[in-house]
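Scope of the values below: all heavy atoms of this structure, side chains included, with no hydrogens, waters or symmetry mates.
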Amino acid sequence: MRIRHFLSVVIGALVLAGCASSPEPDHSSRYTMSQDKAPPGNFDVSGLEDAKPEYEEPRNAGNKSPYKVWGKEYTVRSSNDGYVQRGVASWYGEKFHGHKTSNGEVFDMYEMSAAHKSLRIPGYARVTNLDNGRSVIVRVNDRGPFHGDRLIDLSYAAAKKLGYQGKGTARVEVAAITVKQDGSMTLAGKPFPDGKATVPAERLAESAKGSKALFVQLGSFSQRSPAEVLLKRARQSIEDPMRVREVETASGRFHRVQVGPFSDEDEALRAQNLLENKGFGQSILLTDTH
């Protein structure tokens, strides 16, 4: 009995000693939250303006190249001019709010900003939600996202303006805006948007909203229900972005089922031919609001 009692005392002491010597949780992280989340309340973005592109002198901060994150190497572009790419966008919010971005600025989830792995920072880009056609202009001042195949991380405010903050991700097109010293600029290295090589900076925000793009239209309905049925059928046949766009005309409201936008006519025609081969024989090619 004495031996058994002695062993129990020793084992108990060892257990207590083990607990006492366990490492304390690491509170040294720059972020106080383990998981990101949206801010409380219903932040109204209806009056929030796009970022206003302006020329900024090239800087070293945030543009080290190559750089490594979690063992993977990334390269920063020597210039943003001509960059346009489609992929998945996510967003970041309260966890990073108030902390420094990669170029030393302070992240504000209520401003129109973004993080990108390879664009030079600071820079600007037009981001378009390919599912609903909405576009915003953001200031790129951070690095990321380094998760999966995601292309860009938008601030919570920018994601909400694009209408995907509830889903978490969206299919987008990112087109870099290059601003020159004289205040003029190009969009993805191309004339923007009216045939001129450059556009004065003060006209960019107005021009980006409502700019025209090519679409393949599969049908137009007075009711939304048949439009959604056609959209679902099309999504089972082709992977290009598509939408149901509501328009008001002199004859009433219509719901247009459209595939796109497409950057040029050849790309749109290829999609139209593929759709016709899959049974969508009544499509038309048109220019509509982006």
Chemist: Under the side chain to side chain donor-acceptor pair (under 3.5 Å) criterion, do Asp81 and Ser79 qualify, and how do the steps go?
Modeler: CA-CA 5 Å; Asp81 196 35; Ser79 170; 5.2 Å; no
Chemist: Just by modelled atom types, is the Tyr55 backbone N or O under 3.5 Å from a matching donor or acceptor in the Lys180 side chain?
Modeler: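 No; judged by distance alone, with no hydrogens or angles, the pair does not exist.
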Chemist: Between atom CZ of Arg171 and atom CG of Asn132, what is the distance when rounded to the nearest 0.5 Å?
Modeler: 10.5 Å
Chemist: State which residues pass side chain to side chain donor-acceptor pair (under 3.5 Å) with Glu248; sequence neighbours excluded, sorted by chain then number.
Modeler: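 Scan of Glu248 (side chain to side chain donor-acceptor pair (under 3.5 Å), adjacent residues dropped) gives Arg253.
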Chemist: Quick one, Phe107 and Ser113 - any side-chain contact, counting heavy atoms below 4.5 Å?
Modeler: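 Sidechains of Ser113 and Phe107: in contact.
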Chemist: Would a hydrophobic clustering, with Ile, Leu, Val, Met, Phe, Trp and Tyr connected at side-chain separations under 4.5 Å, put Leu285 with Phe280?
Modeler: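 Yes, because Leu285 and Phe280 connect within a single hydrophobic cluster, where side-chain heavy atoms sit under 4.5 Å apart.
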Chemist: Kindly write out the residues that satisfy side chain to side chain donor-acceptor pair (under 3.5 Å) with Gln165, not counting sequence neighbours, or none if the list is empty.
Modeler: none
Chemist: Determine whether Leu214 and Glu267 make a side-chain contact, defined as any pair of heavy atoms from C-beta on separated by less than 4.5 Å.
Modeler: no
Chemist: What distance separates Asp288 CG from Gln258 CD, expressed to the nearest 0.5 Å?
Modeler: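 It is 4.5 Å, given to the nearest 0.5 Å.
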Chemist: Measure from the side-chain N and O atoms of Thr101 to the backbone N and O of Asn141, and report whether any donor-acceptor pair falls under 3.5 Å.
Modeler: yes
Chemist: Should the pair Arg126-Asp50 be classified as a salt bridge under the 4.0 Å nitrogen-to-oxygen rule?
Modeler: no
Chemist: Are the side chains of Tyr124 and Glu56 in contact, using a 4.5 Å heavy-atom criterion?
Modeler: yes
Chemist: Can you confirm whether Ser102 sits close enough to Ile121 that some side-chain heavy atom of one is under 4.5 Å from a side-chain heavy atom of the other?
Modeler: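 The answer is yes, as the side chains (C-beta and beyond) meet within the 4.5 Å cut-off.
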Chemist: Before giving the answer on side-chain contact (heavy atoms from CB on, under 4.5 Å), spell out for Lys167 and Asp131 the whole-Å C-alpha distance, their side-chain angles and the decisive distance to 0.1 Å.
Modeler: CA-CA 12 Å; Lys167 296 191 299 182; Asp131 290 325; 4.2 Å; yes
Chemist: Could you tell me which residues satisfy salt bridge (Lys or Arg N to Asp or Glu O under 4.0 Å) with Arg150, sequence neighbours excluded, listed by chain and number?
Modeler: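 Scan of Arg150 (salt bridge (Lys or Arg N to Asp or Glu O under 4.0 Å), adjacent residues dropped) gives none.
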Chemist: Given a cutoff of under 4.5 Å between side-chain heavy atoms of I, L, V, M, F, W and Y, with clusters grown through shared members, what are the other residues clustered with Val84?
Modeler: none
Chemist: Does Arg134 form a side-chain contact (heavy atoms from CB on, under 4.5 Å) with Thr128? I'd like the steps, not just the answer.
Modeler: CA-CA 6 Å; Arg134 297 183 193 175; Thr128 302; over 6 Å; no
Chemist: Is it the case that Arg243 places NZ or CZ above or below the six-membered ring of Phe215, under 6.0 angstrom from the centre and within 45 degrees of the axis?
Modeler: yes
Chemist: Looking at Asn60, I'd like to know if its CG atom is crowded, meaning that more than 12 non-hydrogen atoms belonging to other residues, nucleotides or ligands lie closer than 6.0 Å.
Modeler: no
Chemist: Locate the shortest heavy-atom distance separating Val216 from Ala268; write the atom from each residue and the value.
Modeler: CG2-O, 3.6 Å
Chemist: Rounded to the nearest 0.5 Å, what separation is found between the CG atom of Leu162 and the NZ atom of Lys160?
Modeler: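 Output value for this atom pair is 13.0 Å.
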Chemist: Enumerate, atom names and distances included, each donor-acceptor pair closer than 3.5 Å involving a side-chain atom of residues 231-239, sequence neighbours excluded.
Modeler:
unit_1 : atom_1 : unit_2 : atom_2 : d
Arg233 : NH2    : Gly279 : O      : 3.4
Arg235 : NH2    : Met242 : O      : 3.4
Ser237 : OG     : Arg233 : O      : 3.2

Chemist: Provide the closest heavy-atom pair for Ile137 versus Pro53 in the form atom of the first, atom of the second, distance.
Modeler: CG2-CG, 4.0 Å
Chemist: Any side-chain heavy-atom pair from Arg120 and Thr178 closer than 4.5 angstrom?
Modeler: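 Contact flag for Arg120/Thr178 side chains = no.
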Chemist: Under a 3.5 Å cutoff, is there a donor and acceptor pairing between the side chains of Asp142 and Tyr92?
Modeler: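 There is such a pair between these side chains.
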Chemist: Report yes if the side chains of Val172 and Ile152 come closer than 4.5 Å at any heavy-atom pair, otherwise no.
Modeler: yes
Chemist: Applying side-chain contact (heavy atoms from CB on, under 4.5 Å), run through Val127 and Glu173 and close with a yes or a no.
Modeler: CA-CA 6 Å; Val127 184; Glu173 178 185 87; over 6 Å; no
Chemist: So, the side chain of Lys161 versus the backbone of Leu48: is there a donor-acceptor pair under 3.5 Å, distance only?
Modeler: yes
Chemist: Linking I/L/V/M/F/W/Y whenever any side-chain heavy atoms sit under 4.5 Å apart, do Val76 and Val69 land together?
Modeler: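 Yes.
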Chemist: Would Arg224 and Glu246 pass as an ion pair if we require N to O under 4.0 Å?
Modeler: yes
Chemist: Looking at every heavy atom in both Ser220 and Arg256, which two are closest together, and how far apart are they?
Modeler: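 Nearest heavy atoms, Ser220 then Arg256: OG-CG, 3.8 Å.
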Chemist: Could you tell me the separation between the CG atom of Leu269 and the CG atom of Leu274, rounded to the nearest 0.5 Å?
Modeler: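 Reported to 0.5 Å precision, the distance equals 12.5 Å.
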Chemist: Closest approach of Met109 and Ser155, non-hydrogen atoms and distance?
Modeler: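 The pair with the smallest heavy-atom distance is O-CB, 3.9 Å.
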Chemist: If you compare all heavy atoms of Trp91 against all heavy atoms of Asp153, which two are closest, and at what distance to 0.1 Å?
Modeler: N-OD1, 3.4 Å
Chemist: A side-chain contact here means heavy atoms from C-beta on lying under 4.5 Å apart; do Arg245 and Gln217 qualify?
Modeler: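 In short, these two side chains do not touch, never coming nearer than 4.5 Å.
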Chemist: Check for me, please, whether Val247 and Leu286 land in the same ILVMFWY cluster - side-chain distances under 4.5 Å, paths through other members count.
Modeler: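 In one cluster with Val247: Leu286, no.
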Chemist: Return each pair, listed once, that meets ring pair (Phe, Tyr, Trp, His ring centres under 6.0 Å) where at least one residue sits in residues 65-85; pairs must be two or more places apart or across chains.
Modeler: Tyr67-Tyr74, Tyr74-Phe146, Tyr83-His116
Chemist: For Ala227 versus Val257, what's the shortest heavy-atom pair and its separation?
Modeler: O-CG2, 3.4 Å
Chemist: Taking the side chain as everything from C-beta on, heavy atoms only, tell me whether Asn103 gets closer than 4.5 Å to Arg59.
Modeler: yes
Chemist: For residues Leu154 and Val88: do they belong to one hydrophobic cluster (side chain heavy atoms under 4.5 Å, members Ile, Leu, Val, Met, Phe, Trp, Tyr)?
Modeler: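 No, Leu154 and Val88 fall in different hydrophobic clusters.
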Chemist: Under the salt bridge (Lys or Arg N to Asp or Glu O under 4.0 Å) test against Arg139, which residue among Glu49, Glu111, Glu54, Glu105 passes?
Modeler: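 Going through the options one by one, the only one that passes is Glu105.
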Chemist: Within the distance-only criterion (no hydrogens, no angle test), does the side chain of His255 pair as donor or acceptor with the backbone N or O of Phe221 below 3.5 angstrom?
Modeler: yes
Chemist: Between Asp240 and Ala271, is there a donor-acceptor pair closer than 3.5 Å when you use the side chain of the first and the backbone of the second?
Modeler: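 No; zero donor-acceptor contacts below 3.5 Å.
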